[in-house]
Undergrad: 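Sharing a structure, written as structure tokens. Questions coming.
In what follows, chains carry the letters A, B, and so on, assigned in the order in which the sequence lines appear, proteins first and then strands, with residues in each chain numbered from 1.
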Amino acid sequence: MLELMAKLSTVAKAALQGEFGDHPALVSDLSIGRATKREFGDVQISAAMALGKKLGRPPRDLAALMLKSVAADELVARAEVAGPGFVNVWFKDQVIVDAATSLELRPIGRGQTVVIDYSSPNVAKPMHIGHIRSTIIGEALKRVLRALSYQVIADNHLGDWGTQFGKLIVAYKRWLDTDAFAKAPVEELLRIYIKYTQEEKREAGEEIAEDEATKSAPPILQEARRELVKLQAGDAKNVALWKTFIEVSMAEFARIYARLDVSFDVTLGESFYNDRLAATVALLQEKGIAVESEGAIAVFFSKERDGEELPPFLVRKGDGGFNYGTSDVAAVLYRVEHWSAGRILIVVDERQQLHFKQLFATARRLGVTASLEHVWFGLMRLPEGVIRTRDGEGLIYLDDFLDEAERRAEKVATEHNPALSETERREVARVVGLGAVRYNDLSKDRRTMITFTWDKALSLTGNTAPYLQYAYARMRSILRKASAEDYAPGPIAREVLSPVERDLLTRLLWYPDAVEQVARTACPHILCDYLFDLASAMSTFYAEHPVLKAEPEIRSSRLTLIDRVAQVLSDGLGLLGIGVLERM
RNA sequence: GCGCCCAUAGCUCAGCUGGAUAGAGCGUCGGCCUCCGGAGCCGAAGGCCACAGGUUCGAUUCCUGUUGGGCGCACCA
């Protein structure tokens with residue numbers, strides 16, 4: 001459809017240029033898009049209204065001018081001027097049929113490298129439902145961009161460095177239960193981390209009670225800072241502990257990623273950039289971008305230079321230590337230099353918008369020209385409030401969540417299809433449960449805040465992944481039966497195309513547009529919407545149109561139609577990381 | 001105090017770079033299994049698109065303000 005629209009746009013523009021010559025108003029492309037309603041054709045040109053004033057002619061006159069050329073084009077069956085100046089266009093059936101038969105994604109990303117930074121969990125903390133959005137959105141973007149021939153580097157930017165490790169080392173030395181650690185290491189680390197947090201809070205409370213004025217850091221925090229300094233100085237024992245924390249966490253992450261069918265090309269956590277931090281700060285100072293302030297080193301921004309006023313961005317602390325701003329600058333530079341990334345997507349929740357504005361402004365001053373995008377998403381919260389790992393409140397572990405998703409899917413599968421074998425049922429539970437979880441996150445605009453409830457997150461009816469998977473399974477079922485009867489699919493016969501079938505074919509043609517929109521906007525919900533519409537049209541179709549019992553010519557045509565729709569559905573779901581099933 | 005984000009049906013959400021009569025799902029009510037899978041299909045009810053201005057041929061969409069909510073604002077990440 002994109003190619004068809006481009007041709008039409010050229011024809012319509014030529015018609016206007018024939019009348020107005022190279023008028024400045026005609027430099028950019030004409031506004032053309034999908035018809036807002038089916039009775040308005042396949043596509044509509046809405047350029048006349050905008051051009052009316054600039055060209056000094058009533059929009060309907062301009063539309064009439066375009067209509068002449070457009071209607072005469074070989075692709076077009078019919079066209080009309082409508083409303084204030086729309087040109088509604090219907091393509092010839094054969095044009096639609098041909099386009100649907102040769103449908104494929106365009107390799108618009110060829111030769112361009114995109115780095116996607118996503119998931120990025122903190123080491124030594126278990127993955128809970130709050131971590132799932134970045135992981136699932138990032139993975140979908142990776143697949144979509146790859147499908148469009150972009151060279152994609154999926155980078156898991158682990159939180160494996162920083163002050164939390166000082167605290168964790170203190171907690172480890174004081175409270176670790178070695179048996180529990182041997183059995184479930186990450187859970188045990190969380191337990192002692194929570195204990196640490198409580199202890200720090202308690203000591204801070206005492207401090208306030210004694211003397212508000214000379215309040216200083218609680219002793220345990222001072223101890224944690226000492227341990228951190230030792231770790232950063234390369235103290236053998238603390239480094240060994242730190243490595244252990246990473247090791248046990250990585251094993252856990254690997255298991256969950258396998259379960260989620262998520263994979264990365266590289267896992268370069270914050271610690272990877274450690275030995276570049278000093279040089280990065282030095283570079284910033286050298287170029288006069290960062291300056292000393294109150295003992296620390298920071299970047300200052302102004303409206304004139306950076307487009308907007310921002311608070312200062314700290315790249316070195318007063319005690320000489322570095323913070324995550326520093327490693328983020330180093331990461332941007334590394335990605336640009338090492339991979340020649342032209343675009344960097346960082347999938348992190350909305351709370352860090354200010355941080356990334358500062359980071360990107362700093363990178364721009366360093367001469368980075370790559371497109372830097374903070375792909376932010378709305379916070380996931382519980383009805384009771386925000387999820388806080390530190391206090392261990394309201395934590396729902398990802399494993400438990402996925403288990404429950406599978407349990408519910410299995411229950412439904414058993415009710416609806418008792419004929420499934422044990423292994424099939426388990427596979428159905430896995431694919432449907434995981435699909436429901438993914439689709440629930442991806443189908444909303446990523447910027448929408450999600451308040452987690454089990455029933456909403458794991459719904460299996462209506463606009464959900466199981467609905468799409470079900471439509472697919474139904475189509476496969478028909479195709480299997482056809483094959484068993486030796487009914488071969490044939491060319492789509494435009495002579496016998498019903499309006500519903502033509503509509504279905506036309507919807508098929510918008511698939512590449514939906515995928516490219518996701519790539520442009522980093523908003524996967526656009527693809528979800530598209531696929532739901534497609535499946536919905538398909539469901540309507542097979543409820544009303546017999547396939548196997550139709551006349552042979554119609555039957556073979558419909559078999560091909562079903563096959564094409566099933567293919568797009570399965571491909572599209574695959575881009576979202578959602579699987580399909582032959583039976584469910 | 002400053003800044004970012006959000007406000008659309010009872011609930012959860014779409015609404016494509018401004019376009020014609022604002023759409024889905026859930027829930028509610030009513031139909032559809034002698035017919036390819038009822039996780040489905042068809043239909044009904046349900047809206048001052050938070051409020052007030054502005055921009056223009058046209059605003060749910062863009063701008064300003066107000067109200068209500070979420071979040072952030074140098075030595076945590």
Undergrad: Considering only C36(B), G70(B), C5(B), which nucleotide approaches the side chain of Leu548(A) most closely?
TA: C36(B)
Undergrad: If you check every side-chain atom of Arg381(A), which of G70(B), G40(B), C73(B) has the closest atom?
TA: G70(B)
Undergrad: From the set A77(B), C4(B), A20(B), return the single nucleotide nearest to any side-chain atom of Phe86(A).
TA: A20(B)
Undergrad: Could you go through nucleotides 22-27 of chain B and list every protein N or O atom that sits under 3.5 Å from one of its N or O atoms, giving the distance for each pair?
TA:
residue : atom : partner   : partner atom : Å
G25(B)  : O2'  : Asn463(A) : N            : 3.3

Undergrad: For the P atoms, the ones on G23(B) and on G27(B), what distance do you get once it is rounded to whole angstrom?
TA: 22 Å
Undergrad: Applying a 4.0 Å non-hydrogen cut-off, can you work out what Arg351(A) is touching in the nucleic acid: base, sugar-phosphate, or nothing?
TA: sugar-phosphate
Undergrad: Measuring from the side chain of Tyr324(A) (C-beta onward, heavy atoms only), which nucleotide among A77(B), A20(B), C75(B) has the closest atom?
TA: A77(B)
Undergrad: Hey, does Asn440(A) reach any base, or is it just sugar-phosphate, or nothing, if we go heavy atoms under 4.0 Å?
TA: nothing
Undergrad: Closest nucleotide of RNA chain B for Lys549(A) versus for Ala298(A): which of these residues is on the 5' side?
TA: Lys549(A)
Undergrad: Within a radius of less than 6.0 Å around CD of Glu582(A), do more than 12 heavy atoms belonging to other residues, nucleotides or ligands occur?
TA: yes
Undergrad: Is any side-chain nitrogen or oxygen of His355(A) closer than 4.0 Å to OP1 or OP2 of C4(B)?
TA: no
Undergrad: Parallel, tilted or perpendicular: which describes the rings of Phe165(A) and Trp242(A), with under 30° parallel and over 60° perpendicular?
TA: perpendicular
Undergrad: Taking the same atom, P, in C73(B) and in C13(B), what whole-Å distance lies between them?
TA: 25 Å
Undergrad: Given the P atoms of G46(B) and U34(B), what is the spacing between them in whole Å?
TA: 33 Å
Undergrad: Indicate yes or no: does Arg408(A) engage Glu404(A) in a salt bridge with an N to O separation below 4.0 Å.
TA: yes
Undergrad: Using atom CD of Gln358(A) as one end and atom P of C4(B) as the other, report the distance to the nearest whole Å.
TA: 14 Å
Undergrad: Show me, range against range, the stems involving RNA chain B, built from at least 3 consecutive Watson-Crick or G-U pairs below 3.5 Å.
TA: B:1-5 with B:69-73, B:10-13 with B:23-26, B:28-32 with B:40-44, B:50-54 with B:62-66
Undergrad: With the side chain of Thr36(A) defined as its heavy atoms from C-beta on, choose the nearest nucleotide among C16(B), G70(B), C75(B).
TA: C16(B)
Undergrad: Taking the P atom in each of C71(B) and C41(B), what is the distance between them to the nearest angstrom?
TA: 38 Å
Undergrad: Verify the neighbour count for atom CZ of Arg480(A): are there more than 12 heavy atoms of other residues, nucleotides or ligands below 6.0 Å?
TA: yes
Undergrad: Flag the pair Asp349(A) and Arg133(A) as a salt bridge only when some basic side-chain nitrogen lies within less than 4.0 angstrom of an acidic carboxylate oxygen.
TA: no
Undergrad: Which is true for Asp349(A) with a 4.0 Å heavy-atom rule: it touches a base, it touches only sugar-phosphate, or it touches nothing?
TA: nothing
Undergrad: Is there aromatic stacking of Tyr470(A) on G40(B) here, judged by a ring-centre distance under 5.5 Å and a plane angle under 30°?
TA: no
Undergrad: I want to verify a distance call: between A74(B), G19(B), C4(B), whose nearest atom is closest to the Gln44(A) side chain?
TA: G19(B)
Undergrad: Considering only the P atoms, how many Å lie between G15(B) and G3(B), rounded to the nearest integer?
TA: 28 Å
Undergrad: When we call it a touch if two heavy atoms are under 4.0 Å apart, what does Ala82(A) touch: a base, just sugar-phosphate, or nothing?
TA: base
Undergrad: Under 4.0 Å, counting only non-hydrogen atoms across every strand here, what does Ala482(A) touch: a base, just sugar-phosphate, or nothing?
TA: nothing
Undergrad: Reckon Glu415(A) touches a base, only the sugar-phosphate, or nothing at all at heavy-atom distances under 4.0 Å?
TA: nothing
Undergrad: Any donor-acceptor pair under 3.5 Å linking the side chain of Gln44(A) with the backbone of Val89(A)?
TA: no
Undergrad: Where the side chain of Lys444(A) is concerned, which of A74(B), A77(B), U12(B) is the nearest nucleotide?
TA: U12(B)
Undergrad: Give a yes or no answer on whether the side chain of Gln517(A) reaches the backbone of Ile526(A) with a donor-acceptor pair at less than 3.5 Å.
TA: no
Undergrad: Using a heavy-atom cut-off of under 4.0 Å over every strand shown, decide if Ala473(A) touches base, sugar-phosphate, or nothing.
TA: base
Undergrad: Any side-chain to backbone donor/acceptor pair from Ser31(A) onto Ala47(A)? Under 3.5 Å, distance only.
TA: no
Undergrad: Any donor-acceptor pair, under 3.5 Å, between the side chain of Ser46(A) and the base of A20(B), if you only look at N and O atoms?
TA: no
Undergrad: What contact category does His157(A) fall into here, base, sugar-phosphate, or nothing, at under 4.0 angstrom with non-hydrogen atoms?
TA: nothing
Undergrad: Nearest 0.5 Å, please: how far is OH in Tyr196(A) from NZ in Lys167(A)?
TA: 5.0 Å
Undergrad: Considering only the P atoms, how many Å lie between C6(B) and C16(B), rounded to the nearest integer?
TA: 14 Å
Undergrad: Remember a base hit wins even if backbone is also touched, and classify Arg583(A) as base, sugar-phosphate or nothing at under 4.0 Å, heavy atoms.
TA: base
Undergrad: I would like to know whether Tyr324(A) and His355(A) meet ring-ring contact (aromatic ring centres under 6.0 Å, His included); could you show each step before the answer?
TA: CA-CA 10 Å; Tyr324(A) 85 134; His355(A) 168 75; 4.1 Å; yes
Undergrad: Check this for me: does any side-chain nitrogen of one of Arg555(A) and Glu551(A) sit under 4.0 Å from a carboxylate oxygen of the other?
TA: no
Undergrad: What is the distance, rounded to the nearest whole Å, between atom CG of Asp563(A) and atom P of C36(B)?
TA: 21 Å
Undergrad: Taking O4'-C1'-N9-C4 for purines and O4'-C1'-N1-C2 for pyrimidines, is C33(B) syn (within 90° of 0) or anti?
TA: syn
Undergrad: Please confirm whether any donor atom in the side chain of Asp533(A) sits under 3.5 Å from an acceptor in the base of A14(B), or the reverse.
TA: no
Undergrad: Would you say U12(B) has OP1 or OP2 under 4.0 Å from some side-chain N or O of Tyr439(A)?
TA: no
Undergrad: Is a donor on one side and an acceptor on the other found under 3.5 Å between the side chain of Tyr530(A) and the backbone of Arg507(A)?
TA: yes
Undergrad: Select base, sugar-phosphate, or nothing to describe what Ser477(A) touches, counting heavy atoms under 4.0 Å on all strands.
TA: base
Undergrad: Across the strands shown, which category fits Ile32(A) at heavy-atom distances under 4.0 angstrom: base, sugar-phosphate, nothing?
TA: base
Undergrad: Describe the nucleic acid contact of Glu294(A) in one word from base, sugar-phosphate, nothing, applying a heavy-atom distance below 4.0 Å.
TA: base
Undergrad: Across the strands shown, which category fits Thr448(A) at heavy-atom distances under 4.0 angstrom: base, sugar-phosphate, nothing?
TA: sugar-phosphate
Undergrad: With RNA chain B as reference, determine whether Thr414(A) or Glu80(A) sits nearer its 5' end, using the nearest nucleotide of each.
TA: Glu80(A)
Undergrad: For residues Phe541(A) and Leu561(A), determine if any side-chain heavy atom of one lies less than 4.5 Å from a side-chain heavy atom of the other.
TA: yes
Undergrad: Taking Glu427(A) first and then Arg430(A), would you say they form a salt bridge - that is, a charged N and a carboxylate O separated by under 4.0 Å?
TA: yes
Undergrad: How far does the P atom of G10(B) sit from the matching atom of C51(B), given to the nearest Å?
TA: 13 Å
Undergrad: Looking at C76(B), A14(B), G72(B), which one has an atom nearest to any side-chain atom of Lys317(A)?
TA: C76(B)
Undergrad: What is the distance, rounded to the nearest whole Å, between atom CG of Leu354(A) and atom P of A77(B)?
TA: 15 Å
Undergrad: Measure from CE on Met49(A) to C1' on A59(B) and round the result to the nearest Å.
TA: 14 Å
Undergrad: Consider the side chain of Arg474(A), meaning its heavy atoms from C-beta on, and name the nucleotide among A74(B), G37(B), A14(B) that approaches it most closely.
TA: G37(B)
Undergrad: From the set G37(B), A20(B), C16(B), return the single nucleotide nearest to any side-chain atom of Gln517(A).
TA: C16(B)
Undergrad: Roughly how far apart, to the nearest Å, are G47(B) and C36(B) at atom P?
TA: 40 Å
Undergrad: At under 4.0 Å between heavy atoms, what does Gly318(A) touch on the DNA or RNA strands: base, sugar-phosphate, or nothing?
TA: base
